[in-house]
Amino acid sequence: ILEKIKKVKRLILATVNSLGRTWGPSPKLITWLYTCCLRPVLTYGCLIWGRKLNKTKIKRLDSLQRLALMQAANFRDKMPTQMVNTLFGVPPIHIYIKELIAKSYIRLEKSPLIYEDNTDDGHWCYAKSLVQPIGVSLEDTDAMERTEIINHDFNPGPPSQTGVCC
């Protein structure tokens, strides 16, 4: 987790160094850059490592998100982090990570590739513990049966001469 934080912080600082405080892209573009480019780098694989979040890691994640969002406008340094998140419509990063874990669990729960053992620990049980209090019915998800369509009319031979330009 700490390596991911360092990597994204380097990306943020590289972006900041290429922009000015009073000129450059709009706040909307900076918010897009964070939410669509940098935050996915940070949260990649959170289904696996998300249960290891503690107070110190959450604080580092919050400070990283604050750093990214503070670049979008000329804010005072003492502005509260929750206010910055609210202004840009971005949830706190640890809540966003829990949301991603819950969504991944709902999406993958019916997958035949998931082997569920009966142990009470592990990332899969943590994800299940996030979804159960919400009361999401996994029976009502929009899963589809896999079907294979095979076209037996496929001809790998040379193309016909009709319609070919010389």
Side-chain angles (χ1 to χ4, degrees), residues 1-116 121-138 140-144 146:
I1 298 173
L2 298 177
E3 288 300 317
K4 285 183 165 287
I5 292 172
K6 287 179 186 176
K7 180 179 180 178
V8 173
K9 189 171 186 175
R10 280 193 303 269
L11 290 171
I12 291 170
L13 294 176
T15 305
V16 169
N17 287 337
S18 66
L19 305 172
R21 215 53 182 150
T22 57
W23 56 271
S26 66
K28 188 175 182 179
L29 186 62
I30 297 288
T31 307
W32 172 84
L33 179 71
Y34 172 71
T35 57
C36 295
C37 299
L38 299 175
R39 189 170 63 180
V41 171
L42 182 64
T43 58
Y44 180 76
C46 66
L47 178 62
I48 305 302
W49 55 261
R51 70 186 181 110
K52 296 290 185 181
L53 287 178
N54 55 25
K55 286 185 179 183
T56 57
K57 290 177 183 164
I58 289 172
K59 189 174 182 178
R60 297 220 23 209
L61 287 168
D62 280 341
S63 110
L64 180 72
Q65 180 165 298
R66 176 185 168 81
L67 173 68
L69 294 176
M70 290 290 280
Q71 305 311 313
N74 199 5
F75 291 124
R76 304 188 99 203
D77 292 337
K78 299 291 183 184
M79 186 170 213
T81 303
Q82 291 178 346
M83 174 91 54
V84 174
N85 290 342
T86 304
L87 285 173
F88 290 105
V90 176
I93 190 71
H94 65 283
I95 293 174
Y96 179 75
I97 289 171
K98 287 182 179 181
E99 178 186 350
L100 284 180
I101 293 170
K103 285 179 178 178
S104 297
Y105 175 79
I106 291 169
R107 186 181 70 248
L108 296 172
E109 204 276 329
K110 298 283 185 186
S111 173
L113 302 175
I114 300 297
Y115 169 75
E116 185 172 348
D121 58 350
H123 58 272
W124 199 245
C125 291
Y126 174 72
K128 188 184 239 181
S129 73
L130 290 175
V131 173
Q132 283 176 340
I134 300 171
V136 175
S137 171
L138 298 176
D140 297 336
T141 58
D142 59 349
M144 294 177 56
R146 180 178 173 160

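By convention here, the first residue in the shown sequence is residue 1.
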Exercise for the section: With salt bridge (charged side-chain N to carboxylate O under 4.0 Å, His left out) as the test, would you mind laying out the steps for Lys7 and Glu3 before giving the verdict? Expected result: CA-CA 6 Å; Lys7 180 179 180 178; Glu3 288 300 317; over 6 Å; no

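Asn54 CG to Lys59 NZ: the interatomic distance, rounded to the nearest 0.5 Å, is 12.0 Å. Lys52 NZ to Ile1 CD1: the interatomic distance, rounded to the nearest 0.5 Å, is 9.0 Å. The CD atom of Glu99 sits 10.5 Å away from atom CD1 of Ile93, with the distance rounded to the nearest 0.5 Å. One distance of note links CG of Leu11 with CG of Leu38; it measures 6.0 Å at 0.5 Å rounding.
Contact of the Arg39 side chain with the Val90 side chain is registered, since non-hydrogen atoms from C-beta on lie closer than 4.5 Å. Inter-residue side-chain proximity for Tyr105 and Leu130 is flagged as unmet; no heavy-atom pair is nearer than 4.5 Å. By the 4.5 Å heavy-atom criterion applied to side chains, Leu100 and Leu47 are not counted as neighbours. Contact check for Met70 versus Phe88: no side-chain heavy atoms found under the 4.5 Å cut-off.
Residue Ile101 comes nearest to Gly50 through the heavy atom pair CD1-CA, 3.7 Å, listed as atom of the first residue, atom of the second, then distance. The two atoms that bring Arg66 and Arg76 nearest to each other are NH2-O, 4.5 Å, heavy atoms only.
Around the NZ atom of Lys57, the shell of radius 6.0 Å holds more than 12 heavy atoms that belong to other residues, nucleotides or ligands. Within 6.0 Å of atom NZ in Lys9, 12 or fewer heavy atoms from other residues, nucleotides or ligands are found, so the atom counts as exposed in its surroundings.
Among residues two or more places apart in sequence or in another chain, the side chain to side chain contact (heavy atoms under 4.5 Å, CB included) test is passed with Ile58 by Leu53, Asp62, His94. Under the ring pair (Phe, Tyr, Trp, His ring centres under 6.0 Å) criterion, Tyr96 pairs with no residue, sequence neighbours left out.
Between the side chain of Trp49 and the main chain of Tyr44, a donor-acceptor pair closer than 3.5 Å is present. Between the side chain of Gln65 and the main chain of Leu61, no donor-acceptor pair closer than 3.5 Å is present.
Only one option out of Asn85, Thr35, Leu87 pairs with Leu69 in a side-chain contact (heavy atoms from CB on, under 4.5 Å); it is Asn85.
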